[in-house]
Amino acid sequence: MDLLHVKRVYKSYADHQALHNISLHIKRQSIFGLLGPNGAGKTTLIRIINQITGPDKGEIFFEKEKLSPKHIAQIGYLPEERGLYKKMKVGEQALYLAQLKGMERGEAKYKLKLWFEKFEIDGWWDKKIEELSKGMAQKIQFVTTVLHEPKLLILDEPFSGFDPINTNLIKKEILELRDKGSTIIFSTHNMESVEEICDDIALINKSKKILEGKVVDIKETYKSNVFEIVFVGNMIAFSTALWTGFEILESNQVNGRMHVTLRANKPSDMNELIKTIVNHVEILSVNEITPSMNDIFIQKVQEVMPETLEEQKEQEVPSE
Amino acid sequence: MVVPIWLATKDKDIQRIEVIDETGAFIKQFENTSELQFKDGFRPIEEAKADLYNGKYTSILYIKSAEKDAEIEMFYKKQPGFSTIIKIEKTIENVIRSAEIQSKFKITKEQLSEIQPNVSVKAISLDPDGEEESKNVAISTGIGFFAAILIYFFIFMYGVQIMRGVIEEKTSRIVEIIISSVKPFQLMMGKIVGIALVGLTQFLLWSILTGMIYSVIMSVFGIDAASTSQTANMMDGANVPGVDNPIQAVQEGLMTLPLLQIFISFIFYFIGGYLLYGALLGAVGSAVDSEADTQQFMLPITIPLIFSFVVAQTVMENPDGTLAFWLSIIPFTSPVIMMVRIPFGGVASWELVLSMVLLIIGFLGTTWIAAKIYRTGILMYGKKITYKELWKWLFYKG
């Protein structure tokens, strides 16, 4: 079931269109990757979901209800450009932000202590933000975002400003929050982390949605049927066994082992490949080379580019 | 913001006038005042003219004849004010008049000054109920001026504080987190109301402190004065206020003023003026990235405030004139000007009500405009904002 349903949303500013007919279904208890190059419209969409601005056209449903101010307490938002009051003390500030989200002071204090212990930052309660390093402040910021246990968590580039150790810590927390029932919208350029933690993604470019689906399905669609095989045996016997169904892209011998990269001419699975060659050579390993999310991202964005460029030109002419 | 006030109060030109008197009748008659200083030139006019730009004199007064409607010339390098010319005219007229009187009626200068009348008018306001009340104009002026200064500074001080707060929230980037919890309008109003309460608290503390200092001073110096005048009164057997006691005179003067009305109006105009200007300054804070960029937007906002302070002096001279009336009605100038007028007591109830209602409408209007600019401005970074841009923001929806 969908926690959030974005339905045909349009938004334009005076000089450009930010969102064009965007529809999304975000499943409950999933991590949804909202991807796109800079200026694609991600932040605008996130601000609309946060009710910071409103859409020109279209609707958003939160648990089948139309999105309204009462849902604010059920959303947690970590913006990409973020900060805290520099002169305010950590504890006071976290309590203040929690109370803005409708938490009781006592409850907020109790939960804050738990989080601070978990992140091993309980000594910071009375420190001012300006005394902390950027990474430390980011930790506080993450805690204040998730403290009120929102049903929907919107994280815009959550790993920026963290070192690898803390990135892993935050990643673990995000997965844990999902397992406890939170739904997470995760906006990033970092494709590696998308593959690691996202269940579904949508790719937005130039205000339009150009790709969406489950991460595994998308990778399946974009796989190019390229395999890498390592075997011991005769190369001629190997290539004759393949018949015409496969095309050898590259082969070389390393320490008496053959490393061959080949492409299937029609969609085929690994079993079929193994069946074909298993009687002819001694197979050491077979790997399907799947495209990374990064490759898909770049490929998709560049694919759409020429078309949108033309569109832009058309738009520019009458205005001048 | 201090400079224009200083300029306004400082504006007294001292004229050093070299007198070239060909008749010789006037030369001893001019009396130096704090603004006009006369010196005998003892030289031909051409020489004096040639020397004007080298000498210390600001102008040359050239008297050719001592006739009644004599034409007198004045050569200047620094233009004398209108009031200066009037003063010189008056002085010369007086000199000629005295000389004529002395020569016609054959009397000495002393005899003339004996019959010179010296009248001062005591203004007494008469109520419809027949109650008489004499007002001390000096005290009214003092109170009016003091109230105007306070309002002017409070609006500036706390208004700029709003602006700084908004800029701080914007540059520290916390604003996006907060407006995902509360509406931008709530955040802006919260800031304005919060700082207003800080201002009122500070004002209250100052008032209490001033009151304490006042009563301490009174208990140290005042008891003496009061008891002497009391014994004096008892000896006279009449309840005549001690005229020669300045502290008591001020106290008496204060008692004649509508103190409660002044106090309530002060609080109202302080809050009203603050809200009016504070909202606009908050909007300025939201539109810029740093305090250095605020100048271009600050200027048009502060001009009416500075203007009202500068003309406050003129208003005091004629507290019920047309200028005073209109400026005390228009919301942008009314907080300062009305506070100048009220101590003089000539403000009709309908004027006060009209001015207050317009001030309320005024700040509702500026708050509306500010909210529109604020909403768009706080999320706008790294863009040089123009007035055209601000105008567009007013019509953005959602």
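All figures in this text were calculated on a predicted structure; none of them were measured in a lab.
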Honestly, the part of A:Glu130 sitting under 4.5 Å from a heavy atom of chain B is neither
Let me see the working for A:Arg47 and B:Glu176 under salt bridge (charged side-chain N to carboxylate O under 4.0 Å, His left out), right down to the final yes or no.
CA-CA 9 Å; A:Arg47 281 180 182 167; B:Glu176 192 161 352; 3.0 Å; yes
Smallest separation among heavy atoms of A:Pro69 and B:Lys183, with atom names:
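Scanning both residues completely, I find the closest heavy atoms to be CG-NZ, 4.2 Å.
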Working note: A:Tyr85 + B:Glu169, criterion side-chain hydrogen bond (donor to acceptor under 3.5 Å, both in side chains); need CA distance, chi angles, decisive distance, verdict.
CA-CA 7 Å; A:Tyr85 289 111; B:Glu169 276 173 355; 2.4 Å; yes
For the [atom1] atom on [X], are there more than 12 heavy atoms of other groups (residues, nucleotides or ligands in this structure) within a distance under 6.0 Å?
{"X": "A:Glu104", "atom1": "CD", "value": "no"}
{"X": "B:Phe270", "atom1": "CZ", "value": "yes"}
{"X": "A:Lys87", "atom1": "NZ", "value": "no"}
{"X": "B:Trp206", "atom1": "CH2", "value": "yes"}

Test side chain to side chain contact (heavy atoms under 4.5 Å, CB included) applied to B:Ser181 and A:Leu97, step by step:
CA-CA 8 Å; B:Ser181 302; A:Leu97 291 173; over 6 Å; no
Checking A:Leu84 against B:Arg173 for the side chain to side chain contact (heavy atoms under 4.5 Å, CB included) test, could you report, in this order, the C-alpha distance in whole Å, the side-chain angles of both residues, the deciding distance, and whether it holds?
CA-CA 7 Å; A:Leu84 295 163; B:Arg173 309 268 179 165; over 6 Å; no
Can you check side chain to side chain contact (heavy atoms under 4.5 Å, CB included) on B:Ile179 and A:Asn50, steps first, answer last?
CA-CA 9 Å; B:Ile179 59 168; A:Asn50 272 305; over 6 Å; no
Could you give me the CA-CA distance, side-chain angles and deciding distance for A:Tyr13 and B:Thr376, then say whether side chain to side chain contact (heavy atoms under 4.5 Å, CB included) is met?
CA-CA 11 Å; A:Tyr13 293 109; B:Thr376 310; over 6 Å; no
